[in-house]
There are 2 protein chains.
Amino acid sequence: MTTIYDIAKKANVSPMTVSRVINNKGNISEKTREKVEAVIKELNYIPNSAAQSLNIKKTKLLSLIITDITNPFFTKVARGAADKANQMGYQLILCNTDENYEKESEYINALISKRVDGVIIAPTGDQSTKNLKKLIKNRIPFTLIDRQIEDVSCDRVLGDNYEGTKLLLQHLIDYGHQRIAMVHGPLTISTSKERYQAYIETLKINDLKIDPAFLVETHYKQEKQWNGIAHLVNVSPADRPTAIFAANNFIAIKIIKSLREKKIKVPEDIAVVCFDDLELFSDFDPFLTVSSQPAYDFGYLGTQLVIERVDEVGPADYRTINLKPELVIRKSSGTPIK
Amino acid sequence: MTTIYDIAKKANVSPMTVSRVINNKGNISEKTREKVEAVIKELNYIPNSAAQSLNIKKTKLLSLIITDITNPFFTKVARGAADKANQMGYQLILCNTDENYEKESEYINALISKRVDGVIIAPTGDQSTKNLKKLIKNRIPFTLIDRQIEDVSCDRVLGDNYEGTKLLLQHLIDYGHQRIAMVHGPLTISTSKERYQAYIETLKINDLKIDPAFLVETHYKQEKQWNGIAHLVNVSPADRPTAIFAANNFIAIKIIKSLREKKIKVPEDIAVVCFDDLELFSDFDPFLTVSSQPAYDFGYLGTQLVIERVDEVGPADYRTINLKPELVIRKSSGTPIK
DNA sequence: CTGTTAGCGCATTCAC
DNA sequence: GTGAATGCGCTAACAG
C-alpha cells in the first residue's frame, strides 16, 4: 500500500506537504502542488481514512438504523438518507434491527466502535432510550426519525400520526362506517401508540362506541402466516366490522390477504385503509386508500440535521420537523354506504 | 474518550494486557482478565476501530453497491447482504449508483479510502471494468452480483437470464402469441443484453419473425413520465403486439401505466410479462406473470463469498453461483388465445 | 511556503 | 503470564 511517504519521496518533498495538498490546507506553491498531484495520480494514491480519522476524529461515516429496509416506507427513507449522505461526502452504514432491541444495542456498540460521526435512527421502541443515552455519552449526534422517544436531547423528524389517523377514520365515517376495527402494532412504539390514541379520540368525537373486540394488536413485521383478524371475521357478517384501519402498510397487506383467503371482498364486504403508502404498487394499481407520508424526506432531512450537528452549525436548541401526512382516497375504502 | 491507557491505569496493568483481554489473545490469568473486564465495563470502554484497523489492516467494513435500493429486486438483495454481514460481524455501507458510472467511480474511491474489507457490486455496466480493476489493484476482494462483467478475477452470483427469458416467452407463445414486443434496458448491461439475445433466439426457435419495431430500448430507472411504447400502441390494434415482455419490473410498471392511460387493457388487449417479481405486491394481488429471481440470495451469497475471500478461506479458483429463475404465471399473461 | 516533532489509539514483537 | 518499545498512516503544532 502506498502512503504519503512514498509520495513525498518521489516528489522530493516532506510528507507534510503531501498531506497539505491532499487536504487543500495551508499555503502551497503552485509548482509543488502540481508536482505532488502528479505523483499522487501516477501512483494511484488514495489516503487511508483510518489514519486520518485517528487524527482528526471524524470518520465521514453515518449510520441509518431502521427496522427493515424491506418495508417500502423505510426503503424510501433509506434512499433519502443515502442521497443526502452522498451529496455531503459521507458514507452510510445500513442497520436493520427487525424491531429487536438487542439487535439495536449490538449495532449501537459496533457504531460507537466505528466512531461514526452521526446516526439517523427509527428506534425499536421506548426501551431504546438506553441506546440513545449511550450515543449521547459517546458524543455521537443522532436524529430520531418517524418514531418519537421522549426526554432525549436530539433533533427529530416526525410524522403526524394523529392527523393521519383522523384523516383516514373521518373519511370512513363520512362514508357511513360505524363499525371500524383497528389493527395496530405494539404500544411501546410511538407511532402505534399515537395512531391508537387518535383512533379512540376520533371515534369518541363522532359518538361511535369503542368496542374492545375491534382493537387487535399485532406487530410491525412481515410474515407468511398470520391469523390476527380471525376473531374479527369468523363471526356472522352482521357482527363484523364494516371497515378496518391498519396501522401500517405491512399490516394492511396481511389483512387483505387474510380477507381474500376467507372470500371476503375488499371494499365491498369490508373496507380497508392504512397508514403509509405502497407507492410502486399504487402507481400501477391505485387500490389502497392511505395516509401517505413523505418517507424520502424522513431520511433526507434526518440526515441533513445530523450532519449539521456533526459540523456544529445547527442552532443551540434541538429541532423537531413535523412532516404532514396526506389522505389518498382510492378503491379500498369503497363508496359511501347506503 | 477513554482509551486502553485509561483502562490500564485503573486496572493496574499495562495497556498491552488490556489489548489482550479485548482481543482474547495470548495467555492471561483469570484474575487479571476479570479485573480488566470490570474496569472496561465500569468506564463503558469501547475500542476505537480506526486505531485497530490501522494496525491489523482490517476494517470489518463491507460495501454493497447497487443501482437503486428502491428497486424491489435490490431491496431484497440489500436485505440479504445486510443479514449476512451482520451475522458475520461486519458493517455494511450502502451505495446507490443510479446506473451512473461516474457515481460508481466516486463510491469506489471513497470505499478504497475507507479500506473496506470487501465489496458486493452490481456494476452499472461494461465500463465498470475499470472500477473493478481499481479494486483489484487495491487488493479489495469483491463479488459481482446480478450483472456479469467478463474477464475480471472475482467470485460471481448471477441469474440465468436466458432461461428466465425463455420461460416467459415460451409461456406466451404457448398461449398463442405471435406478436411479442420487448422493452429492454441498455445493452451495455449484461442482464439487458442476455435477455435481449434470449428473446431473439427464442423467437427464432419458434419460427416467429423478429420485427425491429417491436424492440424498444429504455433504461432501468424509475421515472414519472415515460412514453417509450408510444409507437407500439399508437397504431391500429391489428398492428400492435399482443404481448409485451418487459426486461425488468420497473419497466413493466411503466408499461402497464402507459397502457392504462391509453385505455388498453392488460391482459385482455395486450398481455404483459416481466423479469423479477414485485413480491410485496404480488402477495396481495397476484397479477404480474414474471420470471422470479431469488433476490435475497444474490445479496446473502454475494456477501458470503466476499467474506470468504477476506478471510482467505475460499478456494483458489473463483466461483460463479448460478441462481435459477422461476416462472410464476399470474393474470397479466391472460389466457390462451382462441 | 515548507519541514520537523510529536502523537492519535491500538497491536506486534520482542523481552522479562 | 505480563510489560516496553515501536510503528500503523496520517495531521497538528510548531519551527524555520
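Numbers restart at 1 for each chain; the letters A, B, ... are given by sequence-line order, proteins then strands.
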Under 4.0 Å between a side-chain N/O of [X] and OP1 or OP2 of [N], yes or no?
X	N	answer
Thr3(A)	dG9(D)	no
Thr32(A)	dT2(C)	yes
Lys57(B)	dG9(D)	yes
Tyr45(A)	dG9(D)	no
Gln52(B)	dA11(C)	yes
Thr17(B)	dG3(D)	yes

Item checked: Under-3.5 Å donor-acceptor pair between Tyr5(A) side chain and dC8(D) base ->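 No, the side chain and the base share no sub-3.5 Å donor-acceptor pair.
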Please report the distance, rounded to the nearest Å, between [atom1] in [X] and [atom2] in [N].
X	N	atom1	atom2	value
Lys35(A)	dT2(C)	NZ	C1'	11 Å
Ile7(A)	dG3(C)	CD1	P	15 Å
Asn48(B)	dG9(D)	CG	P	16 Å
Lys31(B)	dG1(D)	NZ	P	13 Å
Arg115(B)	dC8(D)	CZ	P	14 Å
Asp6(A)	dC10(D)	CG	C1'	13 Å
Lys114(B)	dC10(D)	NZ	P	13 Å
Ile22(A)	dG9(D)	CD1	P	13 Å

Margin query: At 4.0 Å (heavy atoms only), tell me whether Pro47(A) reaches a base, stays on the sugar-phosphate, or touches nothing.
Written below: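 Sugar-phosphate, no base atom in range.
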Notebook entry, point to check: Val13(B) near the nucleic acid: base, sugar-phosphate alone, or nothing, with a heavy-atom cut-off under 4.0 Å?
Noted result: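 Sugar-phosphate contact only.
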Notebook entry, point to check: Looking only at heavy atoms, which two atoms of Val306(B) and Gly118(B) are closest? And how far apart?
Noted result: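 For Val306(B) versus Gly118(B), the nearest heavy atoms are CG1-CA, 4.0 Å.
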Next item on the list: Let me know, please, whether Ser29(B) or Met1(A) comes out on the 5' side of the other along DNA chain D by nearest nucleotide.
Entry: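 Going by which nucleotide is closer to the 5' end, it is Ser29(B).
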Distance alone, cut at 3.5 Å: any donor-acceptor contact between the side chains of [X] and [Y]?
X	Y	result
Asn44(A)	Lys134(B)	no
Thr188(A)	Asp126(A)	no
Tyr220(B)	Asn71(B)	no
Asn86(B)	Tyr107(A)	yes

Next item on the list: In plain terms, say whether Glu312(A) and Lys58(A) are close enough for a salt bridge, that is, a side-chain N and a carboxylate O under 4.0 Å apart.
Entry: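 No, Glu312(A) and Lys58(A) are not salt-bridged.
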Checklist line | For Ile65(A), the option from Asn96(A), Thr124(A), Ile108(A), Ile120(A) that meets side-chain contact (heavy atoms from CB on, under 4.5 Å) | finding: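 Single pass found, and it is Ile108(A).
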Nucleotide N/O to protein N/O under 3.5 Å, stretch nucleotides 12-16 of chain C:
{"residue": "dT12(C)", "atom": "OP1", "partner": "Lys25(B)", "partner atom": "NZ", "Å": "3.4"}

Check: Heavy-atom count around Lys103(B) NZ within 6.0 Å, excluding the residue itself: above 12?
Finding: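 Yes, because the 6.0 Å sphere around NZ of Lys103(B) holds more than 12 heavy atoms from other groups.
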